[in-house]
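First comes the structure, then the notes that go with it.
Keep in mind that this is a model prediction, so the values were computed, not measured. Just follow the structure's listing: the first ligand is 1, and inside any ligand the first atom is 1. What you see below is based on every heavy atom in this structure, not just the backbone, and it leaves out hydrogens, waters and symmetry mates.
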Amino acid sequence: MTTIGFGIVGLGRIGWLHAEHIAGAVPGARLVAAAVDEAQRRELEASGRAPCPLVADVADLVARPDVEAVIVASPSSLHHDHIIEVARAGKPVFAEKPIADSVEAARAVVAAVERSGVPFQIGFQRRYDPGYVRARELIAAGAIGEVEMFRGITCDRIPPVDFLRTSGGLFWDLAIHDFDATRFLTGDEIEAVHATGAIKVEPRLAEFDDIDHGIVTLRFQSGALGVVQACWRAPAGYDIRAEVHGSRGKVVAEVDEKFPARLYDERGLVAARHDQFTERFREAYRDELQGFVAALRRGSAPTPNLTDALRAVEIADAATRSRRQGGWVTVGQ
Ligand SMILES: NC(=O)c1ccc[n+]([C@@H]2O[C@H](COP(=O)([O-])OP(=O)(O)OC[C@H]3O[C@@H](n4cnc5c(N)ncnc54)[C@H](O)[C@@H]3O)[C@@H](O)[C@H]2O)c1
């Protein structure tokens, strides 16, 4: 079988990494062309640094017969339009999170992709991380008994404020990975959330009613409880953890140390930590694309899917509304 030709929309922090993986690390795929914004196109063409031919826009990308599947890694506020445009052209879509910037728009994306019948995968890379995969297997096998409590922590360095302006906010952009992890690890659904937040890093977030520190209390359908803690502050490096407590034990997914070797000296234990998400989840970002390509070649349904994409934004939306209006908010209403 020949390789699958990929187009990519967006060559920013994450799109560039996806392009590198498709071009050199994912067997069965090849990088064909990319669409970026006007300013970046001029810069890449002038510098000769473009990783593949650049086209003017998404319409030009999907019009190419050698583009057989598309990765959408443009800013979140454009995902709705870009995903629908690719799906309508009949090409499989791998989309970065979140699927859209409102629940209503996300439901429209789901309807459009389902109507088109194209394969779809959402970029929740933690589902391809060996630590999260092992944790899920253990929990599903009953190793910790009945799940009673979830705890997820995500702390990252703050991106530029202009990125955050169109990101949808802390819960849509960052904690959304933890919301998906709750469903992936426990197999349970979140019924209701109660959230609070604060600004401690970037005062300009107040201009668009965003926060850089947030806590979301979760109530699961099973009656289990949980908490997600997210912040745009990570002085000691990228900090990601998930703990699932059960009636007979707990599972902790935590692989934040950069090297599988530790220095012990007069300071005690000195361990280097991952700096960026592109380091911590590098292999998972490659493996999620490999999973997408494998599903396309087998003709099976890629995972995580449209339902996973939609549930995560419903939780992010409920958390955002709870933080703004106070009180518990039921997810999906
Ligand atoms: N899964 C993850 O862990 C993860 C990590 C980072 C970002 N993301 C998501 O990926 C998306 C991109 O984030 P980023 O940090 O790479 O952003 P970025 O700002 O670094 O890059 C955005 C890219 O989109 C391009 N772009 C802008 N407008 C466009 C248009 N109209 N048509 C085509 N291309 C256009 C820009 O040229 C740029 O290459 C966001 O939705 C973000 O939430 C996911």
Side-chain angles (χ1 to χ4, degrees), residues 7-21 33-45 47 49-52 54-62 67 70-86 93-102 105-106 109 121-129 132 154-181 184 210 230 232 238 240 274 276-289 291-292 304 308-309 312-313 316:
I8 183 158
V9 187
L11 287 173
R13 292 183 307 165
I14 198 70
W16 197 278
L17 182 65
H18 287 326
E20 281 181 352
H21 281 150
V36 295
D37 67 18
E38 187 59 32
Q40 191 182 15
R41 185 149 70 99
R42 275 200 303 273
E43 188 272 308
L44 288 176
E45 282 172 349
S47 66
R49 283 194 323 115
C52 59
L54 302 177
V55 297
D57 53 24
V58 181
D60 280 4
L61 193 70
V62 296
V67 168
V70 174
I71 296 170
V72 174
S74 46
S76 300
S77 53
L78 302 177
H79 289 182
H80 166 273
D81 291 3
H82 289 168
I83 295 169
I84 291 179
E85 194 164 3
V86 176
V93 192
F94 177 98
E96 265 311 331
K97 41 53 65 172
I99 192 176
D101 60 1
S102 73
V109 170
Q121 184 172 325
I122 187 78
F124 288 135
Q125 81 283 354
R126 291 185 196 180
R127 290 179 180 240
Y128 284 82
D129 177 78
Y132 281 75
T154 296
C155 299
D156 195 359
R157 306 244 162 81
I158 191 163
V161 75
D162 284 338
F163 171 91
L164 293 173
R165 258 178 228 287
T166 61
S167 70
L170 185 75
F171 297 145
W172 283 76
D173 190 62
L174 192 62
I176 194 164
H177 286 290
D178 301 281
F179 300 145
D180 181 62
F184 178 62
D210 197 2
W232 289 127
Y238 191 62
I240 300 288
H274 293 290
Q276 299 289 337
F277 54 85
T278 42
E279 282 181 357
R280 165 64 181 87
F281 286 114
R282 192 164 192 93
E283 289 78 21
Y285 288 124
R286 177 200 63 209
D287 292 349
E288 64 178 351
L289 292 176
F292 184 56
D308 301 315
V313 300

Give me the residue, atom name and distance of the protein heavy atom closest to [atom].
atom: atom 37 (O) of ligand 1; answer: Q40 OE1, 2.6 Å
atom: atom 18 (P) of ligand 1; answer: G12 CA, 3.9 Å
atom: atom 24 (O) of ligand 1; answer: P75 CD, 3.3 Å
atom: atom 35 (C) of ligand 1; answer: D37 N, 3.6 Å
atom: atom 32 (N) of ligand 1; answer: H82 CE1, 3.6 Å
atom: atom 25 (C) of ligand 1; answer: G10 CA, 3.7 Å
atom: atom 17 (O) of ligand 1; answer: F163 CE1, 3.6 Å
atom: atom 1 (N) of ligand 1; answer: E96 OE1, 2.9 Å

Heavy atoms, side chains only, cut-off 4.5 Å: are [X] and [Y] in contact?
X: H18; Y: L289; value: yes
X: P51; Y: W16; value: yes
X: H274; Y: F281; value: no
X: E288; Y: F94; value: yes

So if I count the atoms of ligand 1 from 1 in the order they appear, which ones are less than 4.0 Å from some heavy atom of [X]?
X: L78; answer: 28 (N), 29 (C), 30 (C), 31 (N)
X: G123; answer: 1 (N)
X: S76; answer: 40 (C), 41 (O), 43 (O)

Taking S74's backbone N and O only, do any of them form a donor-acceptor pair with H82's side chain (distance below 3.5 Å, no angle check)?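 Pair absent, no side-chain N/O of H82 close to backbone of S74.
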For [atom], which candidate among [options] holds the nearest heavy atom?
atom: atom 5 (C) of ligand 1; options: F281, W16, F277; answer: F277
atom: atom 20 (O) of ligand 1; options: H18, Q125, R13; answer: R13
atom: atom 2 (C) of ligand 1; options: F124, W172, Y285; answer: Y285
atom: atom 42 (C) of ligand 1; options: E288, Q276, K97, R126; answer: K97
atom: atom 11 (C) of ligand 1; options: G168, S74, P98; answer: S74

Please say whether I14 places an N or O atom under 3.5 Å from an N or O atom belonging to ligand 1.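 In this structure, I14 places an N or O atom under 3.5 Å from an N or O of ligand 1.
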Looking only at distance, does L11 have an N or O less than 3.5 Å from an N or O of ligand 1?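 Such a contact does occur with ligand 1.
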Donor-acceptor pair between R126 and T154 side chains, under 3.5 angstrom: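 Side chains of R126 and T154: pair found under 3.5 Å.
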No-hydrogen, no-angle side-chain donor-acceptor test under 3.5 Å, D101 and S76: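 On atom types as modelled, these side chains do not qualify, holding no pair under 3.5 Å.
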For ligand 1, which part of [X] has a heavy atom less than 4.0 Å away: the side chain, the backbone, both, or neither?
X: D173; value: side chain
X: R41; value: neither
X: A73; value: backbone

Working for salt bridge (Lys or Arg N to Asp or Glu O under 4.0 Å), residues R286 and E20: CA-CA 9 Å; R286 177 200 63 209; E20 281 181 352; over 6 Å; no
Within 45° of the ring axis of F163 and under 6.0 Å from its six-membered ring centre, is that where the NZ or CZ of R13 lies?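 Judged by the rule, R13 and F163 form a cation-pi pair.
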In Å and rounded to the nearest 0.5 Å, what is the CG to CH2 distance from D210 to W172?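 Here the interatomic distance stands at 12.5 Å.
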Working to the nearest 0.5 Å, report the span between CD of E85 and NE2 of H80.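 Nearest 0.5 Å value for the CD-NE2 distance: 11.5 Å.
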For H177, is the nearest heavy atom under 4.0 Å from an atom of ligand 1?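 Yes, H177 has a heavy atom closer than 4.0 Å to ligand 1.
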Indicate the atoms forming the closest heavy-atom contact of P304 with Y128, along with that distance.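 Smallest heavy-atom distance, with atoms named: CD-CE1, 4.0 Å.
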Among D180, D173, D308, exactly one meets salt bridge (Lys or Arg N to Asp or Glu O under 4.0 Å) together with K97. Which residue is that?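 Testing each of D180, D173, D308 against K97, the sole residue satisfying salt bridge (Lys or Arg N to Asp or Glu O under 4.0 Å) is D173.
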